[in-house]
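What follows is a single structure, written as structure tokens, with notes after it.
Any value given below was found using the heavy atoms of this structure, including those in side chains, with hydrogens, waters and symmetry copies removed. Below, chains carry the letters A, B, ... as their sequence lines are ordered, and counting in each starts from 1.
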Amino acid sequence: MIKITFPDGTIREYESGITGLDIAKSINERLANEVLAVSIDDEIIDATRSITNDAKILLHKWESEQGKHAFWHTSAHIMAEALEAVFPGIKLGIGPAIENGFYYDVDMPDDQVLSDKDFAKIENKFLEIARGKHQIIRKDMPKNEALEFYSQKGDEYKVELINDLTDGTITFYTQNNFTDLCRGPHLPNTGFIKAFKVMSIAGAYWRGDEKRKQLTRIYGISFPKKKLLDEYLVMLEEAKKRDHRKIGKELELFYFSERVGQGLPLWLPKGAMLRERLENFLKKVQKEYGYEPVITPHIGQKDLYVTSGHYAKYGADSFQPITTPAEGEEFLLKPMNCPHHCEIYKHKPRSYKDLPVRYAEFGTVYRYEQSGELHGLTRVRGFTQDDAHIFCTPDQLKDEFKKVIDIVLYVFKTFGFEGFTTQISLRDPENTEKYIGSDENWNKAETAIIEATEEKGLKTVVELGEAAFYGPKLDFMVKDALGRKWQLGTIQVDYNLPERFELEYTGSDNQKHRPVMIHRAPFGSMERFVAVLIEHTAGKFPLWLTPNQAIILTISEKYNNFAKKVGNKLNISDIRSQIDERSEKIGRKIRDAELQRVPFMIILGEKEQETNTISVRKQGEGDLGTMTVEEFIQFVNKEVEKELEK
RNA sequence: GCCAAUGUAGCUCAGGGGUAGAGCACUUCCUUGGUAAGGAAGAGGUCAUGGGUUCAAAUCCCAUCAUUGGCUCCA
């Protein structure tokens, strides 16, 4: 007999060799039908595997991450079987579960191409296999037998995978007519899967290596109930409604013109107003924190970037130099503001008493992004960073870093970004030649970041090998409506540019010293920040930020003059408003204003004119009743104040 | 850059080898109304661009450009 400990602490005794599934059955039959996998002493295994020792058990159902993982992993195998059936001769790569579903990378036979027209065939075959309720059987095989199996099958990708495995025995899982190399765990049988859909196809390089063959990646998702699939699809539709590209169009915020060029956003008046307000917001915060504005040109001599090291690192993959017609001098569109700011630092001798120096600029930079990577406002070729560079002594580094964290956190709080994650990017210790600068400086910088985040109580994920080539960094990431992660705020320590630009200050010892630099951008870029903000708010911007805070809707044209008077009063009090003077019915005007997401609608008719009041309606909520213009102005000002509270 | 799909009016989209369609938006006129679409008429497109096949191409084929979803990349 063995002792099994349940999560609630109860202990039960079972025969040795019992399976997780049987244990579930011993509790009740229904539970047994829902158990997808089990954890035994924190190791996740098939529910059908025998347990022979005393252990802690955790039963994974659909509701748990691990349960979903097993569910989707098994689904990937079934999809592979379906693909083999629909496309004989197909070769399989890998097929893991992912955050939302799973994918399988395959090499299509001969010159066959997989397209969305094949989705239905794959789905039907998949469901046929699933409905067969085939047992899923685990089997160990010695490495040489495994190699033999796949060599015979002609699947060179699997052969390569097995060759890279260090274990002597390889595990396989079989269901119906399909066997796949896999560590597991898997569901007891295929019948758990009731709904399946192929989501999309994409090219994917074998093992993520650009130089190797591109396989076809098929993304799919599956569920234990048809209803869950329907709900998932509805959710995707809802997410699409928040897409910043769609809302940007609807609200006339920005636009891309083919003639201007891809990845080069044009800000329309309303978008420009919004952006201007964002900039002013940050300028005000930065002023409090002792930043000084600077302005630098959009191009600089190529030599500037040779000095900074950017040219050697990125020159070939960037917009190429522009040259002067007579002398042939080469200039680069600036991909970063920092070299310019370094030159500003250098324009006069510095004393330790001057530090820290904090130069801020909304600097527009241009980077050649690969065409396939461009995406709305989140990934563009010309964008404006809310950039600043802090030059300080090594002793000041940690404090300065912490102050920057404060700014980023204030910004995020103001915009209601709660679901952000923070990542510390450090060097890849195995591959140090990718980075410029000495080991000693890198270690100092990495320590400063880690300590500053700890002291600020940030929960961070540390990623090795994700650092910029010039220094480690702390990034703040936010997810967009479709679940894609984007980096917004960034704080980067740099010991290298001061070295390359020979930046100096005179210390109290009257000796020359090298300052440390911090690059930072709380928004990241205006473009990306606005994009994420649109998706976060679904276009319903905070009152202080939104292009029009109020729109005045007249019941009929007779009240247009009264409307102008009200509009003037709002204008004098810096409340941004517009008048809808069209000869439309009030219902229509309200509808249009609602769709434009104008926070307040002011309705003016006979009643209001006679009593010199206004009727206020709130977007998304409805009628707030009557008040005087003065009351409304006060109300709006109070709301704005609340929003900007620290 | 690579793989796949898409490109028809300002927007959303239907159609499809034989003279280009809808709804919304726009213009004009009627209507002057009370909290999410009042009515009528009109105007608007070399069907992304360039080649090819064909008596005939928006439609079929090829290339290019752009967009979308991924991959790789991301100072």
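- The separation between A:Gln112 atom CD and B:A4 atom C1' is 15 Å, rounded to whole Å.
- At the heavy-atom level, A:His519 lies nowhere under 4.0 Å from the strands shown.
- Side-chain contact check for A:Tyr368 and A:Asp317: no donor-acceptor pair (N or O, by modelled atom type) lies under 3.5 Å.
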| said: Can you build the contact string for nucleotides 35-45 of chain B? Use B for base contact, S for sugar-phosphate-only contact, and - for no protein heavy atom under 4.0 Å. | reply: BBBB-------
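- Backbone-only contact: A:Arg484 has heavy atoms under 4.0 Å from sugar-phosphate atoms and none from a base.
- Taking atom P on both B:U8 and B:G15, the two are 14 Å apart, rounded to the nearest angstrom.
- Contact annotation for A:Ala202: base contact, defined as any heavy-atom pair under 4.0 Å involving a base atom.
- Distance check on atom C1': B:C61 versus B:G17 gives 13 Å, rounded to whole Å.
- Heavy atoms of A:Gly208 sit under 4.0 angstrom from primed sugar atoms or phosphate atoms, though from no base atom.
- A:Phe391 and A:His389 have tilted rings, their planes meeting at an angle from 30° to 60° on a 0 to 90° scale.
- The aromatic ring centres of A:Tyr305 and A:Tyr311 sit 6.0 Å or more apart.
- Between A:Phe102 and A:Phe126, the ring planes are parallel. Angles under 30° get that label, and only those over 60° would be called perpendicular.
- As rounded to whole Å, 9 Å separates atom P of B:C71 from atom CD1 of A:Ile98.
- Taking atom OH of A:Tyr205 as the reference point, atom P of B:C73 lies 10 Å away to the nearest angstrom.
- Not a single donor-acceptor pair, N or O on each side, falls under 3.5 Å between the base of B:A66 and the side chain of A:Ser371.
- Between A:Tyr232 and A:Phe223, the two ring planes are tilted [angle within 30° to 60°].
- At the phosphate of B:C73, neither OP1 nor OP2 sits under 4.0 Å from any side-chain N or O atom of A:Arg379.
- Applying the 4.0 Å criterion to OP1 and OP2 of B:C73, one finds that A:Arg367 has every side-chain N and O outside that range.
- No donor-acceptor contact under 3.5 Å links the side chain of A:Tyr559 to the base of B:G34.
- Rounded to whole Å, the separation between the P atoms of B:G18 and B:U12 comes to 27 Å.
- Counting any heavy atom pair closer than 4.0 Å across all strands shown, A:Gln262 reaches sugar-phosphate atoms only and no base atom.
- Summarising the geometry, the separation between CG on A:Asp209 and C1' on B:C73 is reported as 13 Å, rounded to the nearest angstrom.
- Going from atom CZ of A:Phe256 over to atom C1' of B:G7 covers 17 Å, rounded to whole Å.
- Note: A:Phe635 and A:Phe632 have tilted aromatic rings, judged against thresholds of 30 and 60 degrees for the angle between ring planes.
- Within the nucleic acid shown, A:Ser308 has no heavy atom closer than 4.0 Å to any nucleic acid atom.
- A cation-pi arrangement is absent between A:Arg212 and A:Tyr205 under the rule of less than 6.0 angstrom and at most 45 degrees off the ring axis.
- The ring of A:Trp442 has its center closer than 6.0 angstrom to the ring center of A:Tyr435.
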